[in-house]
2 protein chains.
Amino acid sequence: MENSLQARPDLTKNQSLVMGALAQANAPLSAYTILDQLRDHGFRAPLQVYRALDKLVEFGLVHRLECLNAFVACRHPECEAQEIIAFTICEACGQVGEISDDSLARRIKKVAKETGFQSKKSTVELRGICQACHAI
Amino acid sequence: MENSLQARPDLTKNQSLVMGALAQANAPLSAYTILDQLRDHGFRAPLQVYRALDKLVEFGLVHRLECLNAFVACRHPECEAQEIIAFTICEACGQVGEISDDSLARRIKKVAKETGFQSKKSTVELRGICQACHAI
DNA sequence: GCAATTATGTAATTGTATAACGTATATCAA
DNA sequence: TTGATATACGTTATACAATTACATAATTGC
Ligand SMILES: [Zn+2]
Ligand SMILES: [Zn+2]
Ligand SMILES: [Zn+2]
Ligand SMILES: [Zn+2]
């Protein structure tokens with residue numbers, strides 16, 4: 001049986017550039033912000049960014065935040081092994097945290113199943129204030 | 001102390017029209033789909049829809065689904081009393097369900113708090129197959 | 001009436017994402 | 001070597017989503 005984890009191939013040039021932009025940022029970037037940052041490297045059109053992002057998300061290197069229409073580099077080593085990740089998005093500093101909690105995942109699965117819903121993909125995004133910003 | 005629940009005033013004409021479109025639909029509608037449906041009633045511009053949607057969401061009569069950029073009428077009588085609602089979105093029939101489970105809400109609050117995150121607003125959206133579609 | 005607030009109409013613009021082309025390159029089998 | 005397949009890339013145009021800016025009308029509270 002195939003391992004469901006994506007065996008990550010070497011990144012292409014465009015994929016590397018987009019990954020680099022996201023890795024350097026300490027907050028989510030929109031596709032168009034990435035495009036602007038990479039114009040000096042030859043990027044001209046949104047599709048170049050979106051195609052790279054599609055692959056990077058597929059590889060599990062990047063997450064998409066639905067509530068921001070933005071993308072963030074994964075900082076969570078064990079990410080691919082988790083079914084459900086909760087993202088914490090600080091509205092003060094923009095930083096994104098990743099929480100993977102088994103009991104939370106089980107709870108979500110359970111409440112869904114109780115209504116007969118078969119969940120395939122879940123989005124959990126929390127907006128608020130991170131610890132660092134709250135301390136200020 | 002003011003009640004945080006919105007005392008719902010009568011809806012204006014535009015708000016009623018948008019609410020009607022969403023109430024009739026059995027799946028989420030995008031703002032532009034609503035606009036098209038209401039052209040016969042004098043709607044000409046997206047802003048007329050977005051302004052009505054803003055109010056309806058504020059009143060708790062409509063929910064916005066982040067992962068779809070779409071809006072759905074609330075089918076959940078006790079909705080406003082719940083801090084956290086999980087939406088189930090069927091990828092087969094499009095129907096949206098609302099789950100409010102106290103233990104899930106507590107769990108989410110708890111895992112966030114463990115990382116020092118102060119959550120203000122949460123988005124929980126599950127995509128998959130609903131019971132009816134699974135039975136087919 | 002009058003001021004303040006809320007709702008509406010319209011046009012223009014900005015932001016997000018994809019469709020539809022064509023081209024280039026790597027891989028593999030015949 | 002050729003042909004088939006798969007993948008990546010570049011470009012243009014277009015579709016879809018949301019907001020800004022400004023003017024006008026209706027409503028509400030004195
Ligand atoms: Zn991750
Ligand atoms: Zn912060
Ligand atoms: Zn509801
Ligand atoms: Zn269904």
Side-chain angles (χ1 to χ4, degrees), chain A residues 2 6-22 25 27-59 61-72 89 94 121 123 125 127, chain B residues 2 6-22 25 27-59 61-72 89 94 121 123 125 127:
Chain A
E2 278 286 342
Q6 202 59 38
R8 179 164 72 81
D10 291 338
L11 299 182
T12 67
K13 184 186 162 208
N14 283 4
Q15 287 161 17
S16 295
L17 286 167
V18 171
M19 190 67 218
L22 286 171
L29 300 180
S30 77
Y32 278 72
T33 301
I34 296 171
L35 173 59
D36 284 338
Q37 288 190 13
L38 295 181
R39 285 195 191 279
D40 295 342
H41 297 274
F43 274 51
R44 314 295 310 269
L47 206 48
Q48 295 174 289
V49 179
Y50 281 108
R51 286 203 273 232
L53 286 171
D54 281 349
K55 285 295 178 186
L56 294 171
V57 169
E58 189 182 321
F59 299 155
L61 298 173
V62 167
H63 300 296
R64 189 201 150 122
L65 299 173
E66 307 282 354
C67 71
L68 298 181
N69 291 332
F71 301 83
V72 67
I89 303 167
K121 182 179 181 297
T123 299
E125 296 175 1
R127 303 180 68 154
Chain B
E2 278 287 339
Q6 201 61 35
R8 177 164 74 79
D10 290 339
L11 299 184
T12 67
K13 185 184 160 210
N14 284 4
Q15 288 162 15
S16 295
L17 286 166
V18 171
M19 191 65 219
L22 286 171
L29 300 180
S30 76
Y32 277 69
T33 301
I34 296 171
L35 173 59
D36 285 339
Q37 288 189 14
L38 295 181
R39 284 195 192 278
D40 295 342
H41 296 274
F43 273 52
R44 315 294 309 268
L47 200 49
Q48 295 174 288
V49 180
Y50 282 109
R51 285 202 275 230
L53 286 171
D54 280 349
K55 285 295 179 187
L56 293 171
V57 169
E58 189 183 322
F59 299 155
L61 297 174
V62 166
H63 300 296
R64 189 204 147 117
L65 299 172
E66 306 283 354
C67 73
L68 298 180
N69 291 332
F71 300 82
V72 67
I89 303 167
K121 181 178 182 298
T123 299
E125 296 175 1
R127 303 179 67 154

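Proteins come first, then strands; the chains are lettered A, B, ... in the order of their sequence lines, and each starts at number 1.
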Trainee: Can you measure Y50(A) atom OH to dC16(D) atom P for me and round it to whole angstrom units?
Mentor: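 To the nearest whole Å, that distance equals 15 Å.
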Trainee: Would you say a side-chain N or O of N14(A) is under 4.0 Å from OP1 or OP2 of dA8(D)?
Mentor: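 Checking N14(A) against dA8(D): no side-chain N or O falls below 4.0 Å of OP1 or OP2.
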Trainee: If you fit an axis to the five pairs at each end of the helix from dG1(C)-dC30(D) to dA30(C)-dT1(D), how big is the angle between those two axes, to 10 degrees?
Mentor: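 The helix from dG1(C)-dC30(D) to dA30(C)-dT1(D) shows an end-to-end axis angle of 30°.
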Trainee: Assess whether a salt bridge exists between E125(A) and R127(A), defined as any Lys/Arg side-chain N lying under 4.0 Å from an Asp/Glu carboxylate O.
Mentor: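 Not counted as a salt bridge, because no side-chain N and carboxylate O are separated by less than 4.0 Å.
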Trainee: Could you walk me through whether I34(B) and F43(B) pass the side-chain contact (heavy atoms from CB on, under 4.5 Å) check?
Mentor: CA-CA 9 Å; I34(B) 296 171; F43(B) 273 52; 5.7 Å; no
Trainee: By nearest nucleotide on DNA chain D, pick out whichever of R44(A) and K55(A) is the more 5' one.
Mentor: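 Between the two, 5'-proximity favours K55(A).
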Trainee: Could you walk me through whether N14(A) and L38(A) pass the side-chain contact (heavy atoms from CB on, under 4.5 Å) test, one step at a time?
Mentor: CA-CA 9 Å; N14(A) 283 4; L38(A) 295 181; over 6 Å; no
Trainee: At less than 4.0 Å, is any side-chain N or O atom of S30(A) found next to OP1 or OP2 of dT16(C)? Yes or no.
Mentor: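 Answer yes for this pair, as a side-chain N or O of S30(A) is under 4.0 Å from OP1 or OP2.
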Trainee: Atom CD1 of I34(A) to atom C1' of dG15(C): distance rounded to whole Å?
Mentor: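 Going from I34(A) (CD1) to dG15(C) (C1'), I get 14 Å.
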Trainee: Without decimals, in angstroms, what is the distance between L35(B) CG and dA17(D) P?
Mentor: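 The answer, rounded to whole Å, is 11 Å.
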Trainee: Give a yes/no on whether any side-chain N or O of K13(A) is located under 4.0 angstrom from OP1 or OP2 of dA8(D).
Mentor: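 For dA8(D), neither OP1 nor OP2 has a side-chain N or O of K13(A) closer than 4.0 Å.
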Trainee: Under 4.0 Å from OP1 or OP2 of dG9(C): is there any side-chain N or O of Q48(B) that close?
Mentor: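 Yes, Q48(B) has a side-chain N/O under 4.0 Å of OP1/OP2 on dG9(C).
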Trainee: Can you name the atoms? Protein N/O to nucleotides 20-25 of chain C N/O, anything below 3.5 Å, with the distance.
Mentor:
none

Trainee: Can you tell me the distance, in whole Å, between the CG atom of L53(A) and the P atom of dT16(C)?
Mentor: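 That distance rounds to 12 Å.
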Trainee: Rounded off to whole Å, could you give me the CG-to-C1' distance for the L38(A) and dC9(D) pair?
Mentor: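 That distance rounds to 15 Å.
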Trainee: So, is T12(B) close to the dT8(C) phosphate, meaning a side-chain N or O under 4.0 Å from OP1 or OP2?
Mentor: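 So the side-chain polar atoms of T12(B) do come within 4.0 Å of the phosphate oxygens OP1 or OP2 of dT8(C), strictly under.
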Trainee: Return whichever of G42(B) or Q15(B) has its heavy-atom-nearest nucleotide of DNA chain C closer to the 5' end.
Mentor: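 The residue mapped nearer the 5' terminus is Q15(B).
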Trainee: Given dT10(C), dA18(D), dT16(C), which nucleotide is nearest the side-chain atoms of Y32(B)?
Mentor: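 Out of dT10(C), dA18(D), dT16(C), the nucleotide with an atom closest to Y32(B)'s side chain is dA18(D).
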Trainee: Quickly work out the N69(B) CG to dT19(D) P distance and round it to whole Å.
Mentor: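 Answer to the nearest Å: 11 Å.
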